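So the structure is just underneath, and the comments pick up after that.
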Amino acid sequence: MTYDFSAIEPKWRKIWEERKAFHVERDESRPKFYCLEMFPYPSGALHMGHLRNYSIGDLTARFLRMNGYNVMYPIGFDSFGMPAENAAIKMKTHPAKWTMRNIDHMIEQLKSMGCGYDWRRVVKTCLPEYYRWSQWFFLQMYKRGLAYRKHAPVNWCGTCGTVLANEQVIGDGVCWRCETPVVKKGLEQWFLRITDYAQELLDYLDQLSGWPERVLTMQRNWIGRSEGVRFNIAIADADLSIEAFTTRIDTIFGITFVAIAAEHPIVKTLADRMTPEKRDAALDFASRMSARSAIERTAVGGDKMGMDTGFEAVNPVNGARIPIWIADYILMDYGTGAIMGVPAHDQRDFDFVRKYGLGIIPVVRAPGEPIPDPGDMTSAADADGVACNSGRFDGMPTPEAIEKIGEWFERESWGKRETQYRLRDWLISRQRYWGTPIPVVYCDKCGIVPVPEEDLPVELPLDATIPPNGGNALLDCADWINTTCPKCGGHARRETDTMDTFICSSWYFFRYLSPGSNDAPFTPEDSKYWMPVDLYIGGIEHACLHLIYARFFTKVLSDLGITEPTLREPFKGLLTQGMVIKDGAKMSKSLGNVVDPDEIIKRYGADTARLFILFASPPDKSLDWSDKGVEGAHRFLSRVYRLVEDNLPSLASAERLRTPMSEITGGESRDIKRLIHSTIDRVTRDIKDERQLNTAVARLMELCNGLLSFAPPDKTGHALFREGVESLLLCLSPFCPHICEELWEMIGNEGLLARAPWPSVDKDALAVDSVTVVLQINGKLREQFSVPPGLAKDELIGRVMAEDAVKRRLDGFEVVKVIAVPDKLVNIVVKGK
RNA sequence: GCCGGGAUGGCGGAAUUGGUAGACGCACGGGACUUAAAAUCCUGUGGACGCAAGUCCGUGCGGGUUCAAUUCCCGCUCUCGGCACCA
């Protein structure tokens, strides 16, 4: 018989299922571990990235289960979203049908991988039993003012036919899904007040020691905190003022213009006070500027465009009159949409005045240097220095000037020191059908009315037909839209926008914990026992999307009293797996370099696929797919199989499971005992502490090689051989569970390996009988000697110096210094001949 | 521009606190088995010189610290990723 994975793998999956090997319940008597994977979108089939994600997850879950932890390891499907609608149009079917069929197929695929999920806990976010609670959370937030509706310039993707949250606009301003350039549109939409949590989201990053530094940095950048002063600038000869925000209030004496965003409301006010020709020109300029896509607006080194309004502003500190311009480089959605222009110390302002011939006033100089001549300046000087041209602040270093002038502004009530964030409130409305309906109606009389909790869920009508042009199918559901107002009973219309699917994924990890719960999204007991997630595994692409939203949701749930007040963060540990690469590029359909997991599993088995993936590179680095490497992994498993099959009589003859080191005499036997236990030791540490799964596999290969070349010399030898084989199977089982179960059974063990305890390390067996020390001369390796371990420095030096080879080498040299490192080396420093 | 990774044989990747660079695997060379091939097993494999013993060079580049540097410090180059007219 050879290694027949196609018979072995289904056999053990069936047994695991029958024996409910992976069912899990709360158990206060054992430490818990919550191992979570980013759940897949049911696109139709798993790709290699999924296989990698879930191989890492299942290994972790199995390892910890064997180590005595009560392990929560669930899976589900993020099953609302655009692709289902697109597929529905293309395949002339319904998104629900397409989605549910895909889920069924992907469940089969996940099972074929051998992942030990608790299948009773599967979450499908497109089912009313799930999304009713998303709606319920929305209502709780609405009640507390955390969900609100406002008119705002929003990001619109023409291809997807919907608005997007800021986080979903990526790169140079394109849609995260279809990469269409996004345009700004003024619309009334629903938002969640995530900015209320900006500071906490930032502060708690410091506590997330189990997260990769890159992700923490990305989130810090995204939240983008900056401290400055918000202040009023009066408009001359008008009872109007403009608010500006600056982080460099110390440069206030250097203002030579004020610039406002094209979308700024004051543009219209000012235009109304202009001559008709001037007015038309201004409004035309403003609308041309604001209509441009993010790509055009932020083109690197883009020429700045501006227009003088003819109005003047008054510098609060000295009464200087300065022109007010509309400028395209001012963003309406950051700060106040208006800035004080200080060309001497801001490169953008500098570029602007050079183009339009406005003045430059230097107000910071390098210490000990004269005030620069504006005419000589070739760029803005944004470095710190000391104040100049700034009245009584002259000579003050920049940080102090920022402090003192800020205080002065507050004292004079000109403005206030303030912290700004780049983070924007989360726009959750989507003009799409296949999503969670927003539980709100618009009453002719009462306006916005939330749907009462007892009327939840607001079910998505499943009899809708997706319009072939990709529009929102809900708009055609007149029966569904027209309803009665829960408040006055009059006519009302349902909200036809659905929620961003990132809402669904913001709390699914709570739902896993209480799958049957009908009167609450999850039970407090379950949440208290299982949360937080101990290890979350997924792609880094969610660093500023899902991972921020889920943190926000967790904080809100905690504040609403739905979870423990102390549960402020959902994910204690985060492992961002690397990409799967083939031929130097990320696997993608367009490049034609995809490898189908199904085919690999069919051809080599799931154990081989998993082993290769875990062996080829560390989990957080990118993985180079190699067909040859897969064959290598398969070859190894065949060798493991043969190791057992060819030695069944020897294995059966073993009389004891563990032989103490003190009873082992032969050198080879002592070596194999040592190899067994150093392997267990290393593999355990590699998995637990280092997450170095690739080196753990390497150790197991070494153990296998060692056992293959070990010929048991006696009875003790046979016992040791069995000890080695059992250790190998136990340690290998989280990587390749099926073959290990099979071999475990073959050597006569009862009970599931999946439930067996992890082998312990026999510390006595780690002690070595001799060590190799090297001789260095002037730091260069020269000789090697075998000596007993634990020799003191002097003893070691004495022994090495006595060697003939060493004497020969030192002949004619003067020994300057001798360094000894016990059990490692002796380095002799010598001087010329 | 700012922030964060990374650079080690032909390839993927290893190297506790500075202490034998290249574990493990792939690929390749030689051999065994075979009529032959595949599979399997044994064996070699960083580069240069050498019959050999051995010597020299070698972890992106240039310096430095040290008896000793892939590892620590200073200065660069290249590369991947994130953010960016963010006031």
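All chains are named by letter (A, B, ...) in the order of the sequence lines, taking the proteins before the strands, and each is independently numbered beginning at 1. Heavy-atom basis, side chains included; hydrogens, waters and symmetry copies ignored. Since we're looking at a predicted model, the values are computed, not measured.
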Exercise. A/Tyr329 vs A/Phe352 aromatic rings, parallel, tilted or perpendicular, using cut-offs 30° and 60°?
Worked result: tilted
Problem set entry | Mutual orientation of the aromatic rings belonging to A/Tyr356 and A/Trp325 [parallel < 30°, tilted 30-60°, perpendicular > 60°] |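 Correct class here is tilted.
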For the residue pair [X] and [Y], confirm or rule out a side-chain donor-acceptor distance under 3.5 Å.
{"X": "A/Asp4", "Y": "A/Thr2", "answer": "no"}
{"X": "A/Glu167", "Y": "A/Trp222", "answer": "yes"}
{"X": "A/Arg177", "Y": "A/Gln168", "answer": "no"}
{"X": "A/Gln692", "Y": "A/Arg685", "answer": "no"}
{"X": "A/Arg52", "Y": "A/Ser617", "answer": "yes"}

Give me the distance, rounded to whole Å, that separates [N] from [M] when you measure between the [atom1] atoms they each carry.
{"N": "B/U65", "M": "B/C72", "atom1": "C1'", "result": "8 Å"}
{"N": "B/C33", "M": "B/G25", "atom1": "C1'", "result": "25 Å"}
{"N": "B/U20", "M": "B/A68", "atom1": "P", "result": "15 Å"}
{"N": "B/U71", "M": "B/G62", "atom1": "P", "result": "13 Å"}
{"N": "B/G60", "M": "B/G6", "atom1": "P", "result": "13 Å"}
{"N": "B/A15", "M": "B/U59", "atom1": "C1'", "result": "11 Å"}
{"N": "B/A69", "M": "B/G64", "atom1": "P", "result": "12 Å"}
{"N": "B/G18", "M": "B/G31", "atom1": "C1'", "result": "43 Å"}

Rounded to whole angstroms, how far apart are [atom1] on [X] and [atom2] on [N]?
{"X": "A/Ile797", "N": "B/C67", "atom1": "CD1", "atom2": "P", "result": "15 Å"}
{"X": "A/Arg230", "N": "B/A87", "atom1": "CZ", "atom2": "P", "result": "14 Å"}
{"X": "A/Met218", "N": "B/A84", "atom1": "CE", "atom2": "C1'", "result": "14 Å"}
{"X": "A/Asp346", "N": "B/A84", "atom1": "CG", "atom2": "C1'", "result": "13 Å"}
{"X": "A/Leu423", "N": "B/C83", "atom1": "CG", "atom2": "P", "result": "14 Å"}
{"X": "A/Trp176", "N": "B/G81", "atom1": "CH2", "atom2": "C1'", "result": "19 Å"}
{"X": "A/Asp620", "N": "B/G81", "atom1": "CG", "atom2": "P", "result": "17 Å"}
{"X": "A/Ile828", "N": "B/C67", "atom1": "CD1", "atom2": "C1'", "result": "11 Å"}

Would you tell me if any nitrogen or oxygen in the side chain of [X] comes within less than 4.0 Å of OP1 or OP2 on [N]?
{"X": "A/Lys780", "N": "B/C57", "result": "yes"}
{"X": "A/Arg348", "N": "B/C86", "result": "yes"}
{"X": "A/Asn221", "N": "B/C86", "result": "no"}

Polar side-chain atom of [X] near backbone of [Y] as donor-acceptor pair, under 3.5 Å:
{"X": "A/Asn315", "Y": "A/Ile255", "value": "no"}
{"X": "A/Ser678", "Y": "A/Leu675", "value": "yes"}
{"X": "A/Asp382", "Y": "A/Asp346", "value": "no"}

From C-beta outward on [X], which listed nucleotide comes closest to its side chain: [options]?
{"X": "A/Arg422", "options": "B/G82, B/A84, B/C24", "value": "B/A84"}
{"X": "A/Val829", "options": "B/C85, B/C67, B/C57", "value": "B/C67"}
{"X": "A/Arg782", "options": "B/C85, B/U55, B/C24", "value": "B/U55"}

Problem set entry | Base B/C67 to side chain A/Lys817, donor-acceptor N/O within 3.5 Å cut-off |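 Check fails, no donor-acceptor contact within cut-off.
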Problem set entry | Chi-based syn or anti call at B/G9, which uses purine or pyrimidine torsion atoms and a 90° bound | syn
For this session: Using a 4.5 Å cut-off on heavy atoms from C-beta on, say whether the side chain of A/Cys704 contacts that of A/Leu728.
Result: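 Sidechains of A/Cys704 and A/Leu728: in contact.
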Categorize [X] for me: base, sugar-phosphate, or nothing, with a 4.0 angstrom heavy-atom threshold over every strand shown.
{"X": "A/Ser226", "answer": "sugar-phosphate"}
{"X": "A/Arg809", "answer": "sugar-phosphate"}
{"X": "A/Asn705", "answer": "sugar-phosphate"}

Problem set entry | Aromatic contact, A/His345 with A/Phe350 (centres under 6.0 Å) |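 No - the distance between ring centres of A/His345 and A/Phe350 does not fall below the 6.0 Å cut-off.
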Problem set entry | Ring centers of A/Phe231, A/Trp414 separated by less than 6.0 Å | no
Problem set entry | Base-contact (B) and sugar-phosphate-only (S) positions in nucleotides 13-22 of chain B, heavy-atom cut-off under 4.0 Å, - elsewhere | SSSBB-BB--
For this session: Only stems of 3 or more consecutive Watson-Crick or G-U pairs count here, both distances under 3.5 Å; name the ones for RNA chain B, or none.
Result: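 Stem segments, range with range: B:1-7 with B:77-83, B:10-12 with B:24-26, B:28-32 with B:40-44, B:46-49 with B:54-57, B:60-64 with B:72-76.
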Every protein N/O within reach of nucleotides 26-28 of chain B N/O, cut-off under 3.5 Å:
{"unit_1": "B/C26", "atom_1": "OP1", "unit_2": "A/Arg635", "atom_2": "NE", "d": "3.2"}
{"unit_1": "B/C26", "atom_1": "OP1", "unit_2": "A/Arg635", "atom_2": "NH2", "d": "2.7"}

Problem set entry | 5′-ward residue of the pair A/Asp333/A/Ser709 relative to RNA chain B | A/Ser709
